[in-house]
Structure formats: structure tokens, C-alpha cells
There are 2 protein chains.
Amino acid sequence: MTINSNTADRILDAAQELIQRRGYNAISFNDIAEQVGIKKPSIIHHFPCKAALGRAVIKRYREHLATKLDGVANADDKSAVDAFDVYCTPYTDLGTGSDKICLCGSLAGEFMALPKDMRNEVSIFFESHIKWLENILAQGKKTGEFIFDDPLPMMAQLILDSLQGALIVKRATANTHHLHNVIRTLKAKLNP
Amino acid sequence: MTINSNTADRILDAAQELIQRRGYNAISFNDIAEQVGIKKPSIIHHFPCKAALGRAVIKRYREHLATKLDGVANADDKSAVDAFDVYCTPYTDLGTGSDKICLCGSLAGEFMALPKDMRNEVSIFFESHIKWLENILAQGKKTGEFIFDDPLPMMAQLILDSLQGALIVKRATANTHHLHNVIRTLKAKLNP
DNA sequence: GACAAACTACCAAACGTTAGGTAGTCATGA
DNA sequence: TCATGACTACCTAACGTTTGGTAGTTTGTC
């Protein structure tokens with residue numbers, strides 16, 4: 001990962017981190033500006049309004065993750081289990097020693113208080129993850145890596161829900177091994 | 001459920017509903033006052049500050065649910081499956097045709113932006129649910145209602161996480177059957 | 001008359017946003 | 001070569017609005 005020297009990117013970095021930590025409605029332009037080392041109006045020079053900044057943060061987050069996931073899903077030398085492990089790494093990273101949760105999990109928690117175009121970006125995030133998971137589960141079932149009876153959409157939803165929920169519950173209960181536990185349990189369901 | 005004619009209770013009702021819908025940091029005294037049909041200072045007459053109101057909302061929510069859950073857990077004529085069904089009903093109720101999520105799920109999403117004493121109440125909520133679930137799972141395993149290999153704490157966490165996550169993801173994706181699907185999948189794991 | 005519960009009328013602080021201006025960069029053309 | 005004009009990046013100051021919260025007063029009930 002390259003260091004973002006570009007100011008717009010540093011604003012996005014700060015905004016993302018603050019949303020993951022505190023939520024969209026609990027942060028202000030001043031909070032972001034302070035973290036970047038500039039003043040509030042300078043942020044508006046780069047992003048016309050708070051909602052536009054919010055939208056840009058989600059889009060970047062979503063697309064960055066998508067290229068990573070699509071890469072491992074289409075790689076010939078990667079198994080379905082490999083892909084699933086890659087999928088889990090951001091969750092374990094967030095869940096161990098950080099007080100951050102998934103950006104879109106945070107935003108979904110205050111979904112009804114979000115501008116409409118931000119809601120759209122969040123929805124796309126979850127829907128694309130469901131699709132990706134269904135695809136990987138189907139692959140793994142074909143290769144015999146995964147063995148389970150549940151319909152693919154149900155299993156994909158259980159995985160997404162429990163990982164998102166785990167991050168949120170973990171932060172409120174401070175159990176260091178929470179994410180590892182949930183992922184291990186999920187894996188046991190995929191290959192008993 | 002009795003109708004709350006008491007003003008303090010009606011304030012708590014409105015605050016709870018608004019937090020479940022939009023989140024703590026996105027609502028104001030004015031929002032609550034408008035819903036109750038009184039003015040902002042009247043709320044402060046009943047609750048000294050926003051954090052105190054927030055704390056009272058969580059405490060009432062937690063205790064109301066606790067008496068219900070403890071009732072069914074200790075009832076001799078109720079099986080572990082019965083108890084688990086009772087546990088799931090609030091989630092299915094919220095998850096079908098409502099844009100609300102669990103109060104504490106909402107608050108955990110903005111955990112780091114919450115006053116300290118509110119955080120405590122939220123933590124207690126999740127920890128007591130984990131304990132209750134472990135107890136019910138142990139009961140059901142003893143009676144043969146539940147059959148699974150995972151350690152009790154792992155299974156309890158998976159259930160709590162996936163139900164909380166399901167509510168949040170569902171609202172952002174508008175899948176009507178989301179909660180029913182997850183609960184059916186969870187039940188299949190408890191008794192394959 | 002006493003008390004609680006509601007009100008009107010405020011406050012200081014913070015919010016997102018706008019206005020207006022200052023440096024510095026960079027391409028263009030005489 | 002060196003003005004000129006356009007542009008980007010950032011600033012200070014202020015806008016109107018909303019926030020949580022306070023003070024003092026009226027209303028209703030026993």
C-alpha cells in the first residue's frame with residue numbers, strides 16, 4: 001500500500017478511519033481537518049459537501065476491496081478455501097486490537113440517517129459481497145473443499161451477517177479472540 | 001404490552017424508536033419532543049441530559065428483555081427449542097417490515113462516540129445475552145434437542161453475531177426474508 | 001397554597017457551508 | 001524572457017442553523 005501524499009486521498013483516509021471508529025453522524029469537518037493537518041474549508045475545496053465526501057469514502061473502500069476479492073476469485077492457482085481466507089483477513093485485522101469496524105457496517109448501523117446516495121453505495125457493497133460469497137461457495141462445493149447442505153444464498157448471508165455482527169459485538173464486549181472464534185466456527189460449518 | 005400514559009415512559013418510547021431507526025448521534029431532543037408532542041425543555045425536566053436519557057433507554061430495553069428471557073429459560077413447561085424461538089422473535093419482528101434494528105446493535109455501531117456510562121449498559125446487554133444463549137444451548141444439548149460439536153461459547157457468539165448482523169445488513173439490502181433465512185440456517189446448525 | 005409538569009425565551013457552542021482573499025504553479029504569447 | 005491570465009490549494013472570517021442545556025414563568029391538580 002502506497003502512502004497517500006495527495007491531499008484528497010489523505011482526507012479520504014482520515015474520514016474513513018473516523019467513520020469506522022465513531023460513525024458518520026458523530027464526526028465533523030473539523031475532526032477530519034485536524035487529523036489531516038489542514039483547516040475545515042480546505043476539505044470543502046476538495047469535496048463539495050459532507051455527503052459527497054461520504055460517498056467518495058464508500059466508493060473507494062468498496063472498489064479497493066472488490067479488486068482484491070475479484071483477483072483471488074479468478075486466480076487459477078487459488079482454491080476456494082484460499083479465497084475465503086482472503087475474504088476473512090480484513091475482518092480479523094479489524095477485530096484484533098482495533099476499535100474500528102467495517103466502514104459499511106458502521107454506516108448501515110445509521111442507515112436511515114444517511115443521505116440517499118450514500119445509502120445506495122452501502123447497499124451495493126453488501127449485495128456485491130453476497131454475490132462474491134455465493135460464487136466462492138459454489139466453487140468450493142464443486143471442488144469438494146466445502147461440504148454443506150444449506151442453499152448457497154443462505155450460507156452466504158450467514159457468513160456476511162456473522163462477520164459484520166462479530167465486529168460490532170466484539171467492540172462492545174472487548175473479547176480479543178471474538179473474530180477468530182467466529183471464523184473458526186464458520187469454517188467448521190463449511191467443512192464439518 | 002400496556003400503553004405508556006406516563007410522560008417519562010413516552011419519552012423513553014420515542015427515544016428508543018428513534019435510536020433504533022437513526023442512531024443516537026443523529027437524533028436530538030427536538031426530534032424526541034416532536035414525536036411525544038411536547039417541547040424540548042420538558043424532556044430535560046424528566047432527564048437531566050442526553051446521556052442520562054440514553055442510559056435509561058438502554059437499561060429499560062435490557063431489563064424488559066431480560067425478564068422475558070429469564071422467564072422462558074426457567075419455565076418447566078418450556079423446552080430449549082421453545083426458549084430459542086422466543087429469543088428469535090424480537091429479531092424477526094424487527095427484521096420484517098420495519099426499518100429499525102436492535103437498540104444495542106445500533107448503539108454498538110457508534111460505540112466509540114458514546115458516553116462512557118452508555119457504553120457500559122450496551123456491554124452488559126451483549127454479555128448477558130451470550131450467557132443466556134450458552135445456558136439454553138447447554139440445556140438443549142442435555143435434552144438432545146440440540147446436536148452440535150462446537151464449544152458452547154462459540155455457538156452462542158455465532159448466534160448473537162449473525163442475528164445482530166442480519167438486522168443491520170437486511171436494512172441496507174431490503175431483503176424481506178433475510179431474518180427468517182438466517183434463523184432457519186442457524187436452526188439447521190443446532191440440529192442437522 | 002403547594003407542587004409537579006409543562007411552557008416561553010433564552011444561551012454558548014458547534015455544525016455544515018459560503019465568501020473573499022492570498023499565495024504559488026503553469027502554460028501562453030509578445 | 002518575461003509579463004499575463006488562469007488555475008489549484010489553502011486560508012481567515014463569517015454565515016445561518018442546530019445542538020444540548022438553563023432560567024423563569026404559567027398551568028393544572030391535589
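Keep in mind it's a predicted model, so treat the numbers as computed, not measured.
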Can you list every pair that meets side-chain hydrogen bond (donor to acceptor under 3.5 Å, both in side chains) and has a residue in residues 139-148 of chain A, with sequence neighbours left out?
A:Ser79-A:Glu145, A:Thr143-A:Glu145
Tell me, please, which residues at least two apart from B:Tyr91 pass ring-ring contact (aromatic ring centres under 6.0 Å, His included).
B:Tyr87
Contact span of DNA chain C against chain B, any nucleotide atom under 4.0 Å from a heavy atom, 5' to 3', runs C:dA5 to C:dA9
For DNA chain C, what residues of residues 23-30 of chain A have any heavy atom nearer than 4.0 Å?
A:Ile27, A:Ser28, A:Phe29, A:Asn30
What residues, two or more places apart in sequence or in another chain, satisfy side-chain contact (heavy atoms from CB on, under 4.5 Å) together with A:Ile130?
A:Glu134, A:Gln157, A:Leu160
I'd like to check the salt bridge (Lys or Arg N to Asp or Glu O under 4.0 Å) partners of A:Asp31; sequence neighbours left out, ordered by chain and number.
A:Arg22
Per-nt protein contacts along nucleotides 24-30 of chain D (heavy atom under 4.0 Å; B base, S backbone sugar-phosphate only, - none) come out as -------
Residue list, salt bridge (Lys or Arg N to Asp or Glu O under 4.0 Å) with A:Asp117, at least two apart or on another chain:
A:Arg55
I'd like to check the salt bridge (Lys or Arg N to Asp or Glu O under 4.0 Å) partners of B:Asp99; sequence neighbours left out, ordered by chain and number.
B:Arg21
Which of residues 38-46 of chain B sit near DNA chain D, with a heavy atom under 4.0 Å from it?
B:Lys40, B:Pro41, B:Ile44
Identify, with sequence neighbours excluded, every residue that meets side-chain hydrogen bond (donor to acceptor under 3.5 Å, both in side chains) alongside B:His178.
A:Asp161
Rounded (10°) bend between the five-pair end axes of the helix from C:dG1-D:dC30 to C:dA30-D:dT1
10°
